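Report on the following structure.
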Amino acid sequence: MARRVQQPRRREDEADEITAWVDRMERLGGFIGGGDCNEYPIEDGESVPPINWSTVTDRAHIHHRTNLAPDGSRVSCTYLHRALLTSGFQDAARYAAHTLGQPEAIAPTAGHAKPGQGGPRRIDMIFTDRRIARAVLHVNVLKTSGVSDHDGLVVVVSRRGLAEALRREHPPVPLDHAVA
């Protein structure tokens, strides 16, 4: 019988596969990608306080979204976010919030209807390479209650800025301050 890999470990493997694009980005264009990450952003620079896992009642959710700390407590999975930021990707919403003055860009995107899972959180994210980040104009979180349990995330980019990024006409934005 095949051994099933736990959710947090699977996401770590996926993050490590995505970071392989960093070398290719520098030679062959750029990167824009994202989705429901099923993990949380690193806490530094976010607008929602961390989850108190001792108050979460959905046991399966705890298993899928935390790692066991040495002291036996539970800590939120943030590996994917940290790995991508450290490797040179930019979280478009954090860039919009901290560089473009759009704090609403880091609003929670999921967890609105499931109080037993720790409340609303930002787990849907779009990442770009650091040159394409310069083309980001705005990040919108679209409320979709009644349609989906996740809000939509729209990243508006400048066509001209995107073309300039792909032609390498400007330097990349600095690394996110939380991992620099």
Side-chain angles (χ1 to χ4, degrees), residues 3-22 31-99 102-128 130 133 139-145 148-155 174-180:
R3 181 175 167 261
R4 187 169 188 276
V5 178
Q6 287 182 332
Q7 294 293 334
R9 302 294 90 67
R10 182 177 304 148
R11 288 191 302 272
E12 289 177 10
D13 290 343
E14 291 167 350
D16 291 342
E17 288 177 20
I18 294 168
T19 62
W21 284 96
V22 172
F31 179 90
I32 301 173
D36 176 353
C37 294
N38 285 319
E39 281 199 5
Y40 306 99
I42 54 177
E43 295 169 7
D44 184 20
E46 291 295 313
S47 61
V48 177
I51 295 173
N52 177 351
W53 288 101
S54 67
T55 65
V56 174
T57 57
D58 184 331
R59 302 304 300 169
H61 187 74
I62 292 171
H63 174 73
H64 290 149
R65 300 290 197 279
T66 68
N67 290 308
L68 192 60
D71 66 0
S73 65
R74 290 298 201 171
V75 294
S76 297
C77 294
T78 60
Y79 183 89
L80 181 137
H81 197 245
R82 185 175 303 282
L84 295 183
L85 293 180
T86 301
S87 296
F89 291 97
Q90 185 68 42
D91 176 339
R94 284 173 68 95
Y95 179 79
H98 301 297
T99 304
Q102 301 170 16
E104 67 281 3
I106 55 174
T109 59
H112 302 285
K114 299 181 180 179
Q117 294 183 351
R121 300 290 154 185
R122 185 172 82 89
I123 64 171
D124 301 277
M125 298 176 229
I126 297 178
F127 293 89
T128 70
R130 291 179 19 235
V139 175
N140 299 312
V141 178
L142 304 176
K143 301 300 177 194
T144 60
S145 58
S148 173
D149 62 337
H150 289 255
D151 289 338
L153 190 59
V154 176
V155 176
L175 282 172
D176 187 289
H177 73 276
V179 295

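Quick caveat, the model's predicted, so the values are computed rather than measured.
For the atom pair OH of Tyr40 and OG1 of Thr66, the computed distance is 8.5 Å after rounding to the nearest 0.5 Å. Atom NE2 in His63 sits 11.5 Å away from atom CG in Leu68 (nearest 0.5 Å). The distance from atom CG of Asp124 to atom CG of Asp36, rounded to the nearest 0.5 Å, is 5.0 Å. In this structure, CG on Leu80 lies 7.0 Å from CE on Met125, to the nearest 0.5 angstrom.
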Please report, to 0.1 Å, the donor-acceptor pairs under 3.5 Å made by any side chain of residues 87-94, with sequence neighbours excluded.
from  : atom 1 : to     : atom 2 : distance (Å)
Ser87 : OG     : Ala83  : O      : 2.8
Asp91 : OD1    : Ala93  : N      : 3.0
Asp91 : OD1    : Arg94  : N      : 3.4
Asp91 : OD1    : Arg122 : NH1    : 3.4
Asp91 : OD2    : His81  : NE2    : 2.7
Asp91 : OD2    : Arg122 : NH1    : 3.2
Asp91 : OD2    : Arg122 : NH2    : 2.7
Arg94 : NE     : Asp176 : OD2    : 2.8
Arg94 : NH1    : Asp44  : O      : 2.8
Arg94 : NH1    : Glu46  : OE2    : 3.0
Arg94 : NH2    : Asp44  : O      : 2.8
Arg94 : NH2    : Asp176 : OD1    : 3.0
Arg94 : NH2    : Asp176 : OD2    : 3.4

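Distance alone, capped at 3.5 Å, places no donor-acceptor pair between the Ser73 side chain and the Ala69 backbone. Remark: side-chain polar atoms of Ser47 are not paired, donor with acceptor, to backbone N or O of Ala107 under 3.5 angstrom. Judged by distance alone, the side chain of Glu39 and the main-chain N or O of Tyr79 form a donor-acceptor pair under 3.5 Å.
The two residues Val48 and Pro120 have their closest heavy-atom pair at CG1-O, 3.8 Å. Asp151 and Leu142 make their closest contact through CB-O, 3.2 Å (heavy atoms, listed as atom of the first residue, atom of the second, distance). Of all heavy-atom pairs between Gln117 and Val56, the closest is CA-CG1, 3.9 Å. When all heavy atoms of Ile106 and Ala97 are compared, the closest pair comes out as CG2-CB, 3.9 Å. The nearest pair of heavy atoms linking Ile42 to Ala178 is CD1-CB, 3.4 Å. Residue Trp53 comes nearest to Ser76 through the heavy atom pair NE1-OG, 2.8 Å, listed as atom of the first residue, atom of the second, then distance.
Contact of the Leu84 side chain with the Thr19 side chain is registered, since non-hydrogen atoms from C-beta on lie closer than 4.5 Å. Residues His112 and Ser145 form no side-chain contact, since every pair of their non-hydrogen atoms from C-beta on lies 4.5 Å or further apart. Residues Val141 and Leu153 are in side-chain contact: their nearest non-hydrogen atoms beyond the backbone lie under 4.5 Å apart. Phe31 has its side chain within reach of Ile18: a pair of non-hydrogen atoms, C-beta onward, lies under 4.5 Å apart. At a threshold of 4.5 Å between non-hydrogen side-chain atoms, the residues Arg130 and Leu175 count as touching.
Listed by chain and residue number, nothing satisfies the side-chain hydrogen bond (donor to acceptor under 3.5 Å, both in side chains) test with Thr128 (two or more places apart in sequence, or in another chain).
In the displayed structure, Glu43 atom CD is contacted under 6.0 Å by at most 12 heavy atoms of other residues, nucleotides or ligands. The environment of Lys143 atom NZ is dense: over 12 non-hydrogen atoms of other residues, nucleotides or ligands sit within 6.0 angstrom. In this structure, Arg82 places its CZ atom where only 12 or fewer heavy-atom neighbours from other residues, nucleotides or ligands lie under 6.0 Å away.
Taking a cutoff of 4.0 Å between a charged side-chain nitrogen and a carboxylate oxygen, Lys114 and Asp58 do not qualify as a salt bridge.
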Check step by step if side chain to side chain contact (heavy atoms under 4.5 Å, CB included) holds for Ile123 and His150.
CA-CA 9 Å; Ile123 64 171; His150 289 255; 3.6 Å; yes
